[in-house]
Asker: 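Structure incoming, see below.
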Amino acid sequence: MTVGKDVSILFSDVVNCMQTSNIELKKLVYLYVINYAKVQPELAILAVNTFRKDSSDPNPLIRALAIRTMGCIRLEQITEYLIEPLRRCLKDEDPYVRKTAVICIAKLYDISPKLVEEEGFIDTLLDILNDNNAMVVANAIISLTDICENFNKSILKDTINKNESNVNKLLNAINECVEWGQVFILDALVLYEPKNSKDAERVLERILPRLSHANSAVVLSAIKVIMYLLDNITDEEFIQNVHKKLSPSLVTLLSAEPEIQYIALRNINLITQKLPNILSDKINIFFCKYNEPTYVKIEKLDMIIRLVSEKNVDLVLYELKEYSTEVDVDFVKKSIRGIGCCAIKLPQASEKCINILLDLIDTKINYIIQECIVVIKDIFRKYPNKYESIITILCENIESLDESNAKASLIWIIGEYVERIKNAHE
Amino acid sequence: MSASAVFILDVKGKPLISRNYKGDVAMSKIEHFMPLLVQREEEGALAPLLSYGQVHFLWIKHSNLYLVATTSKNANASLVYSFLYKTIEVFCEYFKELEEESIRDNFVIVYELLDELMDFGFPQTTDSKILQEYITQQSNKLETGKSRVPPTVTNAVSWRSEGIKYKKNEVFIDVIESVNLLVNANGSVLLSEIVGTIKLKVFLSGMPELRLGLNDRVLFELTGLSGGKNKSVELEDVKFHQCVRLSRFDNDRTISFIPPDGDFELMSYRLSTQVKPLIWIESVIEKFSHSRVEIMVKAKGQFKKQSVANSVEISVPVPSDADSPRFKTSVGSAKYVPERNVVIWSIKSFPGGKEYLMRAHFGLPSVEKEEVEGRPPIGVKFEIPYFTVSGIQVRYMKIIEKSGYQALPWVRYITQSGDYQLRTS
């Protein structure tokens, strides 16, 4: 089955093996049934009896396994038989079985939402939020979030906002459950609407410690909730304190694995649009190292250009010049465009930018010259009549242009300054 | 909200093993992954997240395997990637080496783990020590009744089982600081930071409560110990293992926790520092095209004289078409490694305050290469034992367990090179 061969004809024989007491074999048989139930639905019914028996087995591992597997078999006929064992397992004394049963409700909803609502499982789910085991509560949140997102319901949102004790329950559960559970609860807290500034401050203080968690997903989810709650807070001093705590966490995310760095950079881009001062003096963390993957370098370049200011423009220009001499063509083009952005953004730096661009044109490398010409055209548009002396140099390089963008830019320049150029019509 | 299915592919993109959690994305979509990856790579637009129509592939690569999660919804990307990396960690703990062969030889365990790690697309239990208690490789030893789910899985303390016993109770603390440095071509320091980790090896019985005391500046200010002879360290950002009580740390900076058994990373911290770089390199690379390249590298140890850096390796990039290497070193030995286009100058022991010189000479072919070559930076690797750049100190480690045994903590400090790069002109 793993290799891709179809072994569905063996279904009845495999089902006969289900009665085994060897756990490993049982797991493999269950896996087989999940995979082939759709192909042989009539025979799948035979398996149901064993599932029901297993869901009352003295070993909690087996009970949970039975419930989990039954939920994965997406057949209408089986789901009716699922209801009784599920109801039993939701009240099971072992939390491992309860947590598996809770996720099973979400699976069941996916297959047949009407059945779940008729049997009152949604109310059971809301009750389970009061469970004293944090993992069960976390899984209940997962189920509610899944149901609400996929079927456009607002049950979770209403519950969280109903009274203060529900939010407190969630905040307590965060402290105790596994890192993944913390991410889910944090993601659900975004649905909470704080009644006033004090309320938002209270919740935010309970979440701030999560910024010190080793798992980057927890940190990013915590930052998401914090950004959302900050909107509702009016105390300026409190807000400044929170900003001070946010920025080191953002910086540390950039030392994680490259994929997580990529996600962090995309998010930092959005965060700096909202809070421009949060990383204003830390531009050096975005300088690119030689061996980073290109997708990270390009995002970092975006951030550098976003954060450039008069204080650090010299440093930035030096860096951009370095990057323009690297090997990756896309990255080089982006760096050159970055130099152009600096010139347009900061008038006092435009002279230095022009000089750097002229140096780059001197390298006589084809794609560099072309990109420089496109950028210089934009600089001319912003500062008309300022740098006409360089037009001669640009015209000397007319032979090396073959990209349409570059040719168009040079033609525009010649057209605009036609009085200054002696042989313009050539 | 999360992944629909997880696939483990071999290096050509063929699925070795897979698990469909949600059933809303067809398993056959994975066939589009590899061609999409190759196409993007050629365009130079590779990204960790690739989309084909409605289906998104979130992928990471580990040796000769690709782990891919598929989803068609707006899943929490950082959650999926953290989960994929954690899965690799769990597999490595089980199989020591994780590559295609390990999956092929152990697909039963892999299926069992995929079952336990994630349910309906949501990560569940990923602590490999606890998983090893009930999903084991000695399959013939399993009998009913014997294999139970350890209550630790759903406990608040989900990382340590009850009833652990050791004859000799000990804790080993390793404070490892890595120095990350980025220097540009004219010698100015662009980025200098210290990333430290405190790793613990815990051999304690029962369920002990541990409390770690560091010379943390914020703690000193809170308890009034600052100023005068107490040297303290300002930790810019601290991240803890999930066993540490984060709210207590937020309140009064106490680091208190019930540790997992065995070794684990307790915390990691970062500080940016204006300290002089520990090993400073000055290099002159003269390239006479069509004839030769002459490299002169001066390495200066800018740390205190009593400390000694061990296993120092300075790798200097060399053009890829260079030949006939000749070296002269005042100490240590130099080796040309043509596969990586570098010269590695190894110095076994480098005392602080000393300065050493290396000269290298390479010939260049008379026909110049057409493509432009990148200029990789000079990299330095080193280890300085019994030394920390930041001055962090473990002041105490209190161990409290209800049976009241005495345990000995041992502390070791070491500074090593992290990402240490100096650009050349």
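In what follows, chains are A, B, ... by sequence order, proteins preceding strands, each numbered from 1.
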Asker: Using non-hydrogen atoms and a 4.5 Å limit, figure out which bit of A/Phe331 sits close to chain B: side chain, backbone, both or neither.
Answerer: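 Answer is neither: A/Phe331 stays 4.5 Å or more from chain B.
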
Asker: Tell me, side chain or backbone of A/Val329 under 4.5 Å from chain B's heavy atoms, or both, or neither?
Answerer: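 Answer is neither: A/Val329 stays 4.5 Å or more from chain B.
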
Asker: Just verifying a value: how many Å separate A/Leu253 CG and B/Ser78 OG, rounded to the nearest 0.5 Å?
Answerer: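 These two atoms lie 8.5 Å from each other.
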
Asker: With respect to chain B, which residue among A/Lys245, A/Glu205, A/Glu319, A/Arg206 yields the maximal number of heavy-atom pairs within a distance under 4.5 Å?
Answerer: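 Most heavy-atom pairs within the cutoff with chain B belong to A/Glu319.
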
Asker: Measuring heavy-atom distances to chain A, does B/Asn180 have an atom under 4.5 Å in its side chain, in its backbone, in both, or in neither?
Answerer: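 It is neither, since no heavy atom gets under 4.5 Å.
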
Asker: Under the criterion side-chain contact (heavy atoms from CB on, under 4.5 Å), I'd like the reasoning laid out for B/Asn184 against A/Phe287: C-alpha separation, chi angles, the key distance, then a yes or no.
Answerer: CA-CA 11 Å; B/Asn184 73 0; A/Phe287 288 160; over 6 Å; no

Asker: Given that the side chain runs from C-beta out, which part of A/Arg210 has a heavy atom under 4.5 Å from chain B: side chain, backbone, both or neither?
Answerer: both

Asker: Under 4.5 Å, counting heavy-atom pairs only, tell me which of A/Val251, A/Asn291, A/Asn267 racks up the most with chain B.
Answerer: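 The candidate making the most pairs under 4.5 Å is A/Val251.
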
Asker: Nearest 0.5 Å, please: how far is CZ in A/Arg266 from CG in B/Leu49?
Answerer: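 That separation rounds to 9.0 Å.
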
Asker: What part of B/Glu236 gets within 4.5 angstrom of chain A, counting heavy atoms only: side chain, backbone, both, or neither?
Answerer: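 Both backbone and side chain.
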
Asker: Identify which of B/Phe240, B/Trp59, B/Phe249 forms the greatest number of heavy-atom pairs closer than 4.5 Å to chain A.
Answerer: B/Phe240

Asker: Before giving the answer on side-chain contact (heavy atoms from CB on, under 4.5 Å), spell out for A/Thr100 and B/Asp119 the whole-Å C-alpha distance, their side-chain angles and the decisive distance to 0.1 Å.
Answerer: CA-CA 8 Å; A/Thr100 320; B/Asp119 194 1; 4.0 Å; yes

Asker: As an exercise, state the distance from CG of B/Asn74 to CD of A/Glu149, rounded to the nearest 0.5 Å.
Answerer: 8.0 Å

Asker: For residues A/Asn139 and B/Gln124, is any side-chain donor paired with an opposing acceptor at under 3.5 Å?
Answerer: yes

Asker: Checking A/Lys282 against chain B: side chain, backbone, both or neither under 4.5 Å from a heavy atom?
Answerer: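 It is the side chain, since no backbone atom gets that close.
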
Asker: Identify the heavy atoms of B/Asn76 and A/Asp187 that sit nearest to each other, and give their distance.
Answerer: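 In terms of heavy atoms, the two residues are closest at ND2-OD2, 2.9 Å.
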
Asker: A/Tyr318, A/Tyr295, A/Tyr290: which one forms the most heavy-atom pairs within less than 4.5 Å of chain B?
Answerer: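 Option with the greatest count: A/Tyr290.
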
Asker: Does some side-chain heavy atom of B/Pro48 sit less than 4.5 Å from a side-chain heavy atom of A/Gln261?
Answerer: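 Not in contact.
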
Asker: Does any heavy atom of chain B fall under 4.5 Å from the side chain of A/Cys148, the backbone, both, or neither of them?
Answerer: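 Neither part, no heavy atoms under 4.5 Å.
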
Asker: Under the 3.5 angstrom rule, does the side chain of B/Arg270 hit a backbone N or O of A/Pro248 as a donor-acceptor pair?
Answerer: yes

Asker: Could you tell me whether the side chain of A/Asn284 and the main chain of B/Leu191 form a donor-acceptor pair under 3.5 Å?
Answerer: no

Asker: Non-hydrogen atoms of chain A under 4.5 Å away: do they reach the side chain of B/Ser268, the backbone, both or neither?
Answerer: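 It is neither, since no heavy atom gets under 4.5 Å.
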
Asker: Check this for me, if you would: do B/Asp115 and A/Arg68 make a salt bridge, where the nitrogen-to-carboxylate-oxygen distance has to be below 4.0 angstrom?
Answerer: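 Here B/Asp115 pairs with A/Arg68 in a salt bridge, since their nearest N and O are under 4.0 Å apart.
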
Asker: Can you list the steps and then say if A/Asp110 with B/Lys22 is a salt bridge (Lys or Arg N to Asp or Glu O under 4.0 Å)?
Answerer: CA-CA 9 Å; A/Asp110 215 25; B/Lys22 269 198 150 156; over 6 Å; no

Asker: Using a cut-off of under 4.5 Å on heavy-atom pairs, state which of B/Pro376, B/Pro377, B/Ser188 scores highest against chain A.
Answerer: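 The option with the most such pairs is B/Pro376.
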
Asker: Just so I understand: if I count every heavy-atom pair under 4.5 Å between each of A/Ser249, A/Ser216, A/Ala264 and chain B, which residue has the most?
Answerer: A/Ser249

Asker: Using non-hydrogen atoms and a 4.5 Å limit, figure out which bit of B/Arg423 sits close to chain A: side chain, backbone, both or neither.
Answerer: side chain

Asker: For the pair A/Glu257 and B/Ile60, evaluate side-chain contact (heavy atoms from CB on, under 4.5 Å) and give the outcome as yes or no after the intermediate values.
Answerer: CA-CA 10 Å; A/Glu257 293 87 2; B/Ile60 58 176; over 6 Å; no

Asker: Identify which of A/Gly71, A/Pro209, A/Ala217, A/Ser255 forms the greatest number of heavy-atom pairs closer than 4.5 Å to chain B.
Answerer: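 When all of A/Gly71, A/Pro209, A/Ala217, A/Ser255 are compared, A/Pro209 has the most.
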
Asker: Between A/Glu322 and B/Ala185, what is the shortest heavy-atom contact and its length?
Answerer: OE2-CB, 3.9 Å

Asker: Rounded to the nearest 0.5 Å, what separation is found between the CD atom of B/Glu193 and the OG1 atom of A/Thr252?
Answerer: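 OG1 of A/Thr252 is found 8.0 Å from CD of B/Glu193.
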
Asker: Tell me, with the steps shown, if A/Thr325 and B/Arg375 meet side-chain contact (heavy atoms from CB on, under 4.5 Å).
Answerer: CA-CA 9 Å; A/Thr325 49; B/Arg375 278 164 308 126; 2.8 Å; yes

Asker: To the nearest 0.5 Å, how far apart are CD in A/Glu179 and OG1 in B/Thr126?
Answerer: 5.0 Å

Asker: I need the A/Leu186 CG to B/Leu79 CG distance, nearest 0.5 Å.
Answerer: 11.0 Å

Asker: Considering only heavy atoms, which portion of B/Phe83 lies under 4.5 Å from any heavy atom of chain A: side chain, backbone, both, or neither?
Answerer: both

Asker: Counting only non-hydrogen atoms closer than 4.5 Å, does A/Leu211 touch chain B with its backbone (N, CA, C, O), its side chain (CB onward), both, or neither?
Answerer: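 Only the backbone of A/Leu211 comes within 4.5 Å of chain B.
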
Asker: Please look at B/Leu190 and chain A and tell me whether the side chain, the backbone, both or neither of the residue comes under 4.5 angstrom of a heavy atom of that chain.
Answerer: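 For B/Leu190, the contact with chain A is made by backbone and side chain together.
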
Asker: At a 4.5 Å cut-off on heavy atoms, which part of A/Ser247 comes close to chain B: side chain, backbone, both, or neither?
Answerer: neither

Asker: Within the supplied structure, the quantity of interest is the number of heavy atoms (other residues, nucleotides, ligands) at a distance under 6.0 Å from B/Glu43 CD; does it exceed 12?
Answerer: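 Correct, the count exceeds 12.
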
Asker: Is there a side-chain contact between B/Leu46 and A/Pro293 (heavy atoms, below 4.5 Å)?
Answerer: no

Asker: Do A/Asn215 and B/Lys86 come within less than 4.5 Å of each other through their side chains, counting heavy atoms only?
Answerer: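 Side chain of A/Asn215 against side chain of B/Lys86, heavy atoms only: no contact under 4.5 Å found.
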
Asker: Can you see which heavy atom on A/Ala106 is nearest to which on B/Phe120, and at what distance?
Answerer: CB-CE2, 3.8 Å

Asker: Which answer fits B/Arg248, side chain, backbone, both or neither, if we ask what part of it has an atom under 4.5 Å from a heavy atom of chain A?
Answerer: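 When you check distances to chain A, no heavy atom of B/Arg248 falls under 4.5 Å.
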
